[in-house]
Structure formats: structure tokens, C-alpha cells
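These notes are about the structure you will find just below.
Every number for a ligand or one of its atoms is a count from 1 in the order of the listing.
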Amino acid sequence: MHNLPRVMVFGLGGTIAMARGQDGTGAIPQLSAEMLLAAVPQVSLWARVEACSFRNVPSPHLTLDDVAELARAIDQASLNGFDGIVVTQGTDAIEETAFALDLLVQSDVPVAVTGAMRHSELPGADGPANLLAAVQVAASPLSRDIGTVVVFQDEIHAARFVRKVHTTSLGAFRSPSAGPIGYVTEGRVRMFARPGRRVRVDLAPGKPDVPVALVTAALGDDGRFLDALPDLGYGGVVVEGFGAGHTSPTVAERLGRLAQVMPVVLASRTGAGEVLRGTYGYTGSESDLLRRGLIPAGILDGPKARILLACLLRAGVPRNNLVNAYEAFLDWSPRTGASLR
Ligand code: ASP
């Protein structure tokens, strides 16, 4: 028993920690991380688990500051001898918080993020099973060095690829660009792929927030609000273009002007695949936008490209190094650093 790995569970709230309010109305966060663990006594077969209620909020209430503070607490837990970390939280923002943790946690301790689609009082509540699988992943020696993953419905997804793709399905998490990297069966962890090398960003406490806007191209929208972004105090913007990274001519012109005064990153609104660099040549095509100074987001989708830009700008990374950070996610070779592009 004493040889079992040590796992720390940080609770942030979300549906997994929710139950109906006392007046019988909608579900709100109520259960502590200790209470979540008490519902899954089986975890003690896999790990010596401790719990910490770090926040207890719906995930849309979380901020990058909350995640940065959690990343520091995770590093401290690693220093204190924990072998793995589980984070329980709301599913709405998992794809962003997990990716932010993958950037901000400096240690090699594995982090398994999970949640639930059905709150604790609903028939078929999925929280306990997801929590058990997350503990099994966090405790597994196979998880060393994989950074942050999302564990849901016994699937293991790399933080850089995972997306919430359904409003209510128990299988709401998918990695459209790559598929899951592993799964858990009868408590055994199987990894059939490993995420590419990690990009770490060191955010010292107290660094001021740099607001980054996320905008989506839409048919017939001339993007007039883009002109207002500098005066609104934004320090950067990510645009989710049509298809492989395209906009209308008017929006292209506006983005080009914006790129003179702040970093503008080009992602795709499709949610999967890499933005192109040199296939199309029309005004507003990817080639045109890159010529105007936009930075290709590579394989990252819009919300993740925005988290990366927000972290890099807050860390004070100079503008000419931003391109390299996005390029790094195209390097899928964890050990050699060789690029498979
Ligand atoms: N609205 C909830 C949240 O993200 C949804 C969930 O947890 O599934 O906190």
C-alpha cells in the first residue's frame, strides 16, 4: 500500500461538483474535492490520494490568473513528492485550462484533467467514473512526461488537441486533429501515442494581464469592430478564418492594419487541421494574410492559439519569437526535437 503512487486532486468546481440548489433550482457547485473522492473509494487501490478544493466555480468563471496560480500549486505538489495530479473542473472550459496548464506547469508531473457532463444528482452521473480513470492515468508510470491530458469516458486526450464538441453528450470530448492518445480499460492505462514536445511558458506571479481578443470570420461581416481593438486595450488578437485561414478582402485589410500595431494570429474556424501557408493567392487568402504580417497558428485551434498568445505576451516574449512558439506545436517528435513537417 505504501508503495502506491501519491496523487493530489485539485478541485476547481464545475458540473462534477454540482448539485441542485436548496430551492430546487439549477445545479450549482457545492461538492468539495474531498466529497468527490469519497464517492469513489476504489481510487485507494491505485494511489494514495489527497484532495484540495482550489476553487469551486463553474468553469466559465475561471480566469488565466486562476490557472496560473493552480500551475504554481501543481509545481509545489510535485516538489512535495506527488507523482501525479488530477484536476476536476467544469467541462465548458477544459480545452483552454488544460492547454494553459500544459504551458504553465514547469515540472514533469503528469496532470489529468476531468469533469462530468451530468451533475451528481442525475441518473448516470459520469463524475465518479471519470475521476477514477483520471486517478489511474495520473498514477501510471506511462504518464510521466506527457504533460497535461484530458481524461474523459476512459479516453486520454492531449491538451493541445482536445475540444468539447457536444453540449450534452457524455462523450463530449474529441481530438479532431489527432484522435485520443490512449485509453483506460479495467484500470490499465494504454498509451498508443505521445504528444509532441512541450512548450513551457514561465509566468511569474504579478505579471500584468495582456488582453487578447478571439474573433471569428463570418459571411458578410466586414469586421468593423477590429478597428476598435487597440483603443479598447487589447494587446493581441487571434482570428479564426474561414476554412484553411481565409477572410474577405475588407477584413484582410483591417487585419493587416492591426498587425502593424499588435500580433495577429491566424487560426481556422473549422476546429481541425493546420492553417495553410501558400496554396491560395486571392485577397484574403492565407498567403495574402501572412504577407500582411499575420502569424500562422499552425495546428492550434482558435481558443488554444489565444491562450498561447495571452501567456506569451504576459511573459514578455518578444514579437519576433511568437512565430516559433506556434511552430513548436508542429514538432511531433518528443525526444529528438526533429520536425516532421
Ligand atoms: N457549465 C459547467 C461548467 O463548465 C459545465 C460542466 O462542468 O460540464 O462549469
Residue, atom name and distance, where the atom is the protein heavy atom closest to [atom]:
atom                   : answer
atom 6 (C) of ligand 1 : Thr15 OG1, 2.7 Å
atom 1 (N) of ligand 1 : Asp92 OD2, 2.8 Å
atom 8 (O) of ligand 1 : Thr91 OG1, 2.4 Å
atom 4 (O) of ligand 1 : Ser59 OG, 2.5 Å

Does Gly13 have a heavy atom less than 4.0 Å from any atom of ligand 1?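 False for this residue.
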
N/O to N/O below 3.5 Å, does that happen between Gly14 and ligand 1?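 In this structure, Gly14 places no N or O atom under 3.5 Å from an N or O of ligand 1.
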
For the residue pair [X] and [Y], establish whether any side-chain heavy-atom pair is separated by less than 4.5 Å.
X      : Y      : result
Ser53  : Glu34  : yes
Ser248 : Asp222 : no
Pro29  : Arg55  : no

Is Arg190 paired with Asp154 through a side-chain N to carboxylate O contact shorter than 4.0 Å?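 Salt bridge flag = no for Arg190 with Asp154.
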
Check the pair Asp288 / Thr283 against side-chain hydrogen bond (donor to acceptor under 3.5 Å, both in side chains), numbers first and verdict last. CA-CA 6 Å; Asp288 177 42; Thr283 307; 4.9 Å; no

With heavy atoms under 4.0 Å as the rule, classify the contact between Pro29 and ligand 1 as side chain, backbone, both or neither.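 The answer is neither.
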
Give every donor-acceptor pair under 3.5 Å between a side-chain atom in residues 175-185 and any protein atom, sequence neighbours left out.
| residue | atom | partner | partner atom | Å |
| --- | --- | --- | --- | --- |
| Ser175 | OG | His157 | ND1 | 2.7 |
| Ser177 | OG | Gly273 | N | 2.9 |

Show the atoms of ligand 1 that are less than 4.0 angstrom away from any heavy atom in Pro58.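 Those qualifying, in numeric order: 9 (O).
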
